[in-house]
Amino acid sequence: MEKTTDATTSTDLTPNAAAATNRPLVSEPLMLPCGVTVRNRFYKSAMNEALAGRDCAPTEAHVRLYRRWAAGGAGVLVTGNVMVDRTQLGEPGNVAVEDERDLAMLRRWAAAGTEHGAHCWMQINHPGRQSPITINRSPVAPSAGRLEGDYGRFFAEPRELTRPQIHDIVRRFATTADIAKKAGFTGVEIHAAHGYLINQFLSPLDNHRIDEYGGSLENRARFLFEIVEAVRVEVGPGFPIAVKINSSDVPIAVKAPRSADESDKTTPGGFDEDESIWVIKRLSAMGVDLIDVSGGTLEKPVIQTNSGAREDEARGVYFTDFAERLAGTIDTPIALTGGFRNAADMEKALSSGVTQMIGIARPLVVKPSLPNLIMNARWQGTVRLPWITTGVRALDQAFGGILVISWFELQMNRIGRGKSPNPRIGGLRALLFAIRQHGVGTLTPRRRKGHQ
Ligand SMILES: Cc1cc2nc3c(=O)[nH]c(=O)nc-3n(C[C@H](O)[C@H](O)[C@H](O)COP(=O)(O)O)c2cc1C
């Protein structure tokens, strides 16, 4: 994409031009450290589409879905997590890219996602031990050790990675990034959040290694830094590399906890905010182009809620306190992800300087054209996420989180078949859809307790 003269640069991150012209700040272009400019501040966050075909190949449904999102106006569309090893999947329906066998389809996907000047970045991931037993009986992790607690039985005990295996995974990230670039994706995002493999290395709770990949924070972050370096060598200096990272592994600060119990669930000793800031500063110094700030747990607070729009709105924008701590300490643009539901919150976050891009996921499933609605029609409404229920309390309790994920997957599947999202579809249909698509194994938790 051409550099534009009115784009703010990575050293001037507050959009001033918009204020002068009365355009919404969210419509301002942004120049990344690598010199590439994105057309506006909407950053469609990664969502596993669960649309892969045989052998984890991308399909025509990916093409239709991303064409729809590109037409919706977002500056950057990040794909759902694409795995670097097809034997190590995080969720049913993941795409995996290890070699060029699917290059033709990847090209079609990238072309659709970059229509109308959108950027389309591939999110690259390895699940580590967060790979359900129904699809993987031999997961790997920084350290061995069966998961404790209620969810342990859904995940096989992982094998500790040897150093050559670690080097192989680093190489795989670089290979996948190279193929993404070759296929026409215009950037990559390395997934270091949500309890997957890179996050497992970062976390002192998961990483008990005594070699150069464990112990001190410098050592625990080595795996991530090696991946970033290897990817940069592969894609070259002018190609955007983003990193999605947890602000901490402890659950999100819920503004209105429903109970003392809920506000009290933390993971003492996990990867915390101070450690995250240290890692982010290093990533910034390494020339990463964007930091996508995430975190929290999926088990309770963030995206697995099925309690409806009121609670969702009460939470407001996620990780704002952390972003405030980070603001001004690095030149690298931030995409704060989670909880953006209306234009007012977006403008406030951009004008205050806590973020340079608006990371947004579920609202774009319900309203794929939300960016254009806000930028062109000055839509001032609030996207209300539905209360997803089967109508049967026991089922809701048993499958709450999966219900929500499946509901959004079902809607992405509809868009991928050329239909419109249908907010009236209920939770029971979402559950049946998930079983039909991926078998009963889909009813295991997708991510382990304690992580988003
Ligand atoms: C169906 C679904 C799939 C998701 N898959 C991913 C993923 O593959 N990678 C990722 O980093 N985050 C994933 N997420 C998390 C989102 O990127 C985002 O962080 C979260 O939904 C909060 O943003 P929101 O409030 O705008 O939805 C997923 C979320 C949903 C609802």
Side-chain angles (χ1 to χ4, degrees), residues 42-52 62 65 74 76-83 89-96 121-127 130 188-199 242-247 252 291-298 301-306 309 311-320 335-342 345-346 349 355 357-367 370-371 382-386 388 400-413 415-416 421 430 433-434 437-438 442 446-447 451-452:
F42 283 99
Y43 188 81
K44 181 249 150 215
S45 292
M47 279 178 285
N48 175 42
E49 308 85 6
L51 287 173
H62 288 96
L65 176 59
V76 178
L77 305 176
V78 183
T79 69
N81 54 179
V82 168
M83 299 296 160
L89 304 182
E91 302 95 18
N94 283 158
V95 170
W121 297 358
M122 182 186 282
Q123 188 186 56
I124 307 179
N125 194 17
H126 187 302
Q130 210 162 270
V188 289
E189 178 174 271
I190 295 163
H191 196 350
H194 301 175
Y196 293 106
L197 184 62
I198 300 176
N199 197 171
V243 173
K244 187 165 185 172
I245 189 161
N246 275 4
S247 51
I252 200 165
I291 304 289
D292 181 358
V293 171
S294 192
T297 87
L298 266 198
V302 188
I303 74 165
Q304 295 200 348
T305 176
N306 59 353
E311 191 199 41
D312 182 61
E313 283 161 34
R315 285 199 171 126
V317 177
Y318 309 161
F319 316 117
T320 309
L336 189 57
T337 293
F340 284 108
R341 306 289 178 255
N342 59 62
D345 281 350
M346 297 174 191
T355 192
M357 294 206 75
I358 302 298
I360 182 165
R362 287 165 293 173
L364 294 187
V365 176
V366 188
K367 269 191 189 303
L370 182 67
T382 293
V383 179
R384 312 204 81 212
L385 296 184
I388 300 159
I402 291 154
L403 265 189
V404 176
I405 298 278
S406 304
W407 191 89
F408 283 94
E409 288 175 356
L410 185 155
Q411 303 293 352
M412 287 188 274
N413 185 286
I415 303 172
F433 164 83
Q437 292 287 105
H438 309 298
T442 199
R446 305 291 172 81
R447 294 157 172 92
H451 290 85
Q452 185 184 343

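No experiment lies behind these values; they were computed from the predicted model shown. All values below come from the heavy atoms of this structure, side chains included, with hydrogens, waters and symmetry mates left out. First listed ligand is number 1; within each ligand, the first listed atom is number 1.
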note = Between M412 and L51, the two heavy atoms sitting closest are O-CD1, 4.4 Å

ask   = Is the shortest distance from a heavy atom of A193 to ligand 1 less than 4.0 Å?
value = no

ask   = Hey, are the side chains of V366 and F408 touching, using non-hydrogen atoms and a 4.5 Å cut-off?
value = yes

ask   = Any N or O of N48 that comes nearer than 3.5 Å to an N or O of ligand 1?
value = yes

inquiry  = Does ligand 1 come near enough to R362 that some N or O of the ligand is less than 3.5 Å from an N or O of the residue?
reply    = yes

message = Quick check on contacts: which atoms of ligand 1 are under 4.0 angstrom from a heavy atom of Q123?
response = 7 (C), 8 (O), 9 (N), 10 (C), 11 (O)

remark   = Applying side-chain contact (heavy atoms from CB on, under 4.5 Å) to A192 and not counting sequence neighbours gives I198, L224, V243

ask   = Counting each atom of ligand 1 from 1 as listed, which ones have a heavy atom of K244 under 4.0 Å away?
value = 10 (C), 11 (O), 12 (N), 16 (C), 17 (O), 19 (O)

message = Show the atoms of ligand 1 that are less than 4.0 angstrom away from any heavy atom in P363.
response = 26 (O)

message = Are any of the N/O atoms on I360, whether in the backbone or the side chain, positioned under 3.5 angstrom from an N/O atom of ligand 1?
response = no

key: Listed partners of D292 passing side-chain hydrogen bond (donor to acceptor under 3.5 Å, both in side chains), at least two apart   = T337

ask   = What closest approach, in Å, do M47 and R362 show between heavy atoms, and which atom pair accounts for it?
value = SD-N, 4.1 Å

query = Quick check: does any side chain N or O of N81 sit under 3.5 Å from a backbone N or O of Q123, one acting as donor and the other as acceptor?
reply = no

ask   = Under 3.5 Å between some N or O of ligand 1 and some N or O of M412?
value = no

request  = Give the numbers and elements of all ligand 1 atoms closer than 4.0 Å to a heavy atom of T337.
outcome  = 18 (C), 19 (O), 23 (O)

message = S45 versus ligand 1: do any nitrogen or oxygen atoms come within less than 3.5 Å of each other?
response = no

task = Say whether, by atom type as modelled, one donor and one acceptor occur between the side chain of Q411 and the main chain of P421 under 3.5 angstrom.
result = no

key: Plane angle bin for H194 and H191 - parallel if under 30°, tilted between 30 and 60°, otherwise perpendicular   = perpendicular

query = Any heavy atom of R341 sitting closer than 4.0 Å to ligand 1?
reply = yes

ask   = Which atoms from ligand 1 have a heavy atom of N81 less than 4.0 Å away?
value = 8 (O)

ask   = For ligand 1, is there an N or O atom under 3.5 Å from any N or O atom of A46?
value = yes

query = Quick one: does N199's side chain have a donor or acceptor within less than 3.5 Å of a partner on Y196's backbone?
reply = no

Proximity of E91 to ligand 1 by residue part, where a heavy atom lies under 4.0 Å = neither

